[in-house]
S.K.: 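Attaching a single structure in structure tokens format; questions to follow.
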Amino acid sequence: MSSPGDDPDPRRWWALVVIALAQLMVVLDATIVNIALPSAQRDLGMSDGNRQWVITAYTLAFGGLLLLGGRIADLVGRKRTFIIGLVGFAGASALGGAAGGPGMLFGARALQGVFAAVLAPSALSLLTTTFADPKERGKAFGIYGAMAGGGSAIGLLAGGLLTEYLDWRWCLYVNVPIALVALLGAAAVLHDHRPGDTGARLDVPGVLLGCGGLVALVYGFSEAQPRGWTDPMVLGLFAGAVVLLAGFVWWQTRAPSPLLPPHVVKDRDRAGCFLTMAFATIGMFGVFLFLTYYMQLVLEYSPVKTGLAFLPMTAAIITGSTQISARLLHHVPPRLLIVPGMLLAALGLVLLTGLTVEGAYLTHVLPGMLLAGLGMGLTFMPVFATATAGVAPRDAGVTSATVNTSQQVGGSIGTALLNTLATTSTTAYVTAHLRDPAERARITAEGVVHGYTVAIWWAVGIMVLGGLVAGLMVTSRAPRHLVPPAGEAAAENADARTAYGN
């Protein structure tokens, strides 16, 4: 079994292909089903009130169990949990594709979320422990960041193609061959870089408090959209989340084997990256959510054409991540990439606030999409690399899970918050401008687009705030921070063993 100080694995680039493929599958699954939802609703007879569970069941399980999945990967081995996650995710996808009723589909989506919570942190921590050379690490994280940022747009395109030309069920079945390829590759080329047994045990109280708090938080935001922010159930969920997460923080400082060791989040750079990732993900929903609606409802694009329209943005994300950030990360401090990336994404969103009912894709949509995509590409790669750098190998899984949790919770907040702002603004606009019933259709259309632009302006502010957080908290000045010398890594491992009572 190799370690950071050994010669690099000659098959590490094939390992990257396998890891990136698994990451792409998890990320695109968050959006590929969105396009298929109307068809699935008609086919299975879902009510309008229940259809949200196709999305919510997945996000609840995924977001709520990520910390547990990451710690399990640290305790039992990341290659093992990676393979378990792949097999389980494929099986749950096949079950969902074969669903004969809403309940079966909801259950399958929840199972997908459970196994995604095991798979995603295992993938990122395997990447973290596989690449030690700064230049190679930059390239590897550039590709990983591109998958994380562009996967949602790829999911929209794949969902449109599969729904329009095959059947909505293939939006789930498609995961089976992808997982099979990744599984064969994982068995052949992946290796664990796990330290010896330190006697650590699973923190059961931490699991109950942390995962319970995250489930309550994600569920609260998912219910805030249909029920309203002042609904007693929503307020109760938020209150429960605050109590559980506060208890989790208190317990982690006292637990003999904490689920999330305090030293992981006390690092200023790492904490700054967690917050920046959350803000970036909230802001990105100002692009994916409202542009999807705008192109289908206002520009009257088909699902396939909508997916194709997102491809330039995906290309911009890949370019920013692999051709700019990956090449510069070992030359400049991380925040010199993250802060400009967040501000460039914010500028792209500013351009999108110019959307109108008479707008056109080339003039009103494409320029903003390209800038936002390039900014996200610049941001995601150094955030992933910096957040997982310098951590003891035994904590790589839970650290990776915390990055993914920031993404997932940010996505849940973005969906609920921005959609609520858009809906409220649309209602206010129509109420203020509707004078003649004969103009209702025009005023309503204008109100819908007005709601989109108001929500996107809020997303701009969130992106700028994320850039400010990165500028103030991600203060590492030397690129070598990303890969500590072998002696420092060994010392950190010794510290971790001491902290765990070994």
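Quick caveat, the model's predicted, so the values are computed rather than measured. Note that the numbering runs from 1 along the sequence shown for the chain.
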S.K.: Using every non-hydrogen atom in the two residues, find where L299 and G359 come nearest and quote the distance to one decimal.
M.R.: CD2-O, 3.3 Å
S.K.: Run the salt-bridge test on R169 and D43 with the 4.0 Å N-O cut-off and return the result as yes or no.
M.R.: yes
S.K.: Could you go through I324 and L374, starting from their C-alpha distance and side-chain angles, then the distance that decides it, and tell me whether this counts as side-chain contact (heavy atoms from CB on, under 4.5 Å)?
M.R.: CA-CA 9 Å; I324 301 177; L374 189 62; 4.0 Å; yes
S.K.: Examine distances only and state if a side-chain atom of T81 and a backbone atom of S122 form a donor-acceptor pair shorter than 3.5 Å.
M.R.: no
S.K.: Just how far is it from atom CG of L355 to atom CE of M295, taken to the nearest 0.5 Å?
M.R.: 9.5 Å
S.K.: Hey, what do you get for CG (L351) to CE (M369), rounding to the nearest 0.5 Å?
M.R.: 12.5 Å
S.K.: Is any side-chain heavy atom of W229 closer than 4.5 Å to one of L417?
M.R.: yes
S.K.: Between T424 (side chain only) and L421 (backbone N and O only), is there a donor and an acceptor less than 3.5 Å apart?
M.R.: no
S.K.: Can you name the closest pair of heavy atoms from L352 and T453 and give their distance?
M.R.: O-CG2, 4.3 Å
S.K.: Distance from I443 atom CD1 to T431 atom OG1, nearest 0.5 Å?
M.R.: 11.5 Å
S.K.: Would you say the side-chain atoms of Y173 pair up with the backbone N or O of G97, donor to acceptor, closer than 3.5 Å?
M.R.: yes
S.K.: Give, for atom CE of M376 and atom CE of M284, the distance between the pair rounded to the nearest 0.5 Å.
M.R.: 6.0 Å
S.K.: Can you find a pair of side-chain heavy atoms, one from M25 and one from L119, that are under 4.5 Å apart?
M.R.: yes
S.K.: Testing the basics here: between V18 and A182, what is the closest heavy-atom pair and its distance to 0.1 Å?
M.R.: CG1-O, 3.4 Å
S.K.: Quick check: closest heavy atoms across V357 and V298, and the distance to 0.1 Å?
M.R.: O-CG1, 3.6 Å
S.K.: Mind running side-chain contact (heavy atoms from CB on, under 4.5 Å) on M381 and L329 for me, showing each step along the way?
M.R.: CA-CA 9 Å; M381 181 267 167; L329 187 60; 3.3 Å; yes
S.K.: Grab the two heavy atoms, one from A116 and one from P121, that are nearest each other, plus how far apart they are.
M.R.: O-CD, 4.1 Å
S.K.: Give the ring-plane orientation class for Y429 versus H433, where under 30° counts as parallel, over 60° as perpendicular and anything between as tilted.
M.R.: parallel
S.K.: Given side chains that start at C-beta, do those of R270 and T386 come closer than 4.5 Å, heavy atoms only?
M.R.: no
S.K.: If you define the side chain from C-beta out and look only at heavy atoms, does anything of D167 sit under 4.5 Å from L162?
M.R.: no
S.K.: Please walk me through it: do R335 and T475 pass side-chain contact (heavy atoms from CB on, under 4.5 Å)?
M.R.: CA-CA 7 Å; R335 69 174 171 180; T475 56; 4.1 Å; yes
S.K.: Which atom pair, heavy atoms only, marks the closest approach of L371 to G348?
M.R.: CB-CA, 3.7 Å
S.K.: If we only count heavy atoms from C-beta on, is the V474 to C273 side-chain gap below 4.5 Å?
M.R.: yes
S.K.: Taking distance alone, no hydrogens or angles, what donor-acceptor pairs closer than 3.5 Å link side-chain atoms of residues 459-471 to residues at least two apart or in another chain?
M.R.:
none

S.K.: Do P312 and L366 have side-chain heavy atoms sitting under 4.5 Å apart?
M.R.: yes
S.K.: Do the two ring centres, one from Y452 and one from F290, sit under 6.0 Å apart?
M.R.: yes
S.K.: Please list all pairs passing the salt bridge (charged side-chain N to carboxylate O under 4.0 Å, His left out) test where one or both residues lie in residues 289-314, with sequence neighbours left out.
M.R.: none
S.K.: Quick one: does S325's side chain have a donor or acceptor within less than 3.5 Å of a partner on P382's backbone?
M.R.: no
S.K.: Nearest 0.5 Å, please: how far is CG in L111 from CZ in F106?
M.R.: 14.0 Å
S.K.: Any side chain to side chain donor-acceptor pair (under 3.5 Å) pairs touching residues 349-376, not counting sequence neighbours?
M.R.: none
S.K.: Do L260 and F248 make a side-chain contact, defined as non-hydrogen atoms from C-beta onward lying under 4.5 Å apart?
M.R.: yes
S.K.: What distance separates T379 OG1 from M277 CE, expressed to the nearest 0.5 Å?
M.R.: 8.5 Å
S.K.: Before you tell me yes or no, could you show the steps for M104 and L95 under side-chain contact (heavy atoms from CB on, under 4.5 Å), namely the whole-Å CA-CA distance, both residues' side-chain angles and the distance that decides it to 0.1 Å?
M.R.: CA-CA 8 Å; M104 186 174 176; L95 183 66; 3.3 Å; yes
S.K.: Where the side chain of S425 meets the backbone of G451, is there a donor-acceptor pair that is under 3.5 Å apart?
M.R.: no
S.K.: Are Q112 and N175 side-chain neighbours, meaning at least one heavy-atom pair lies under 4.5 Å?
M.R.: yes
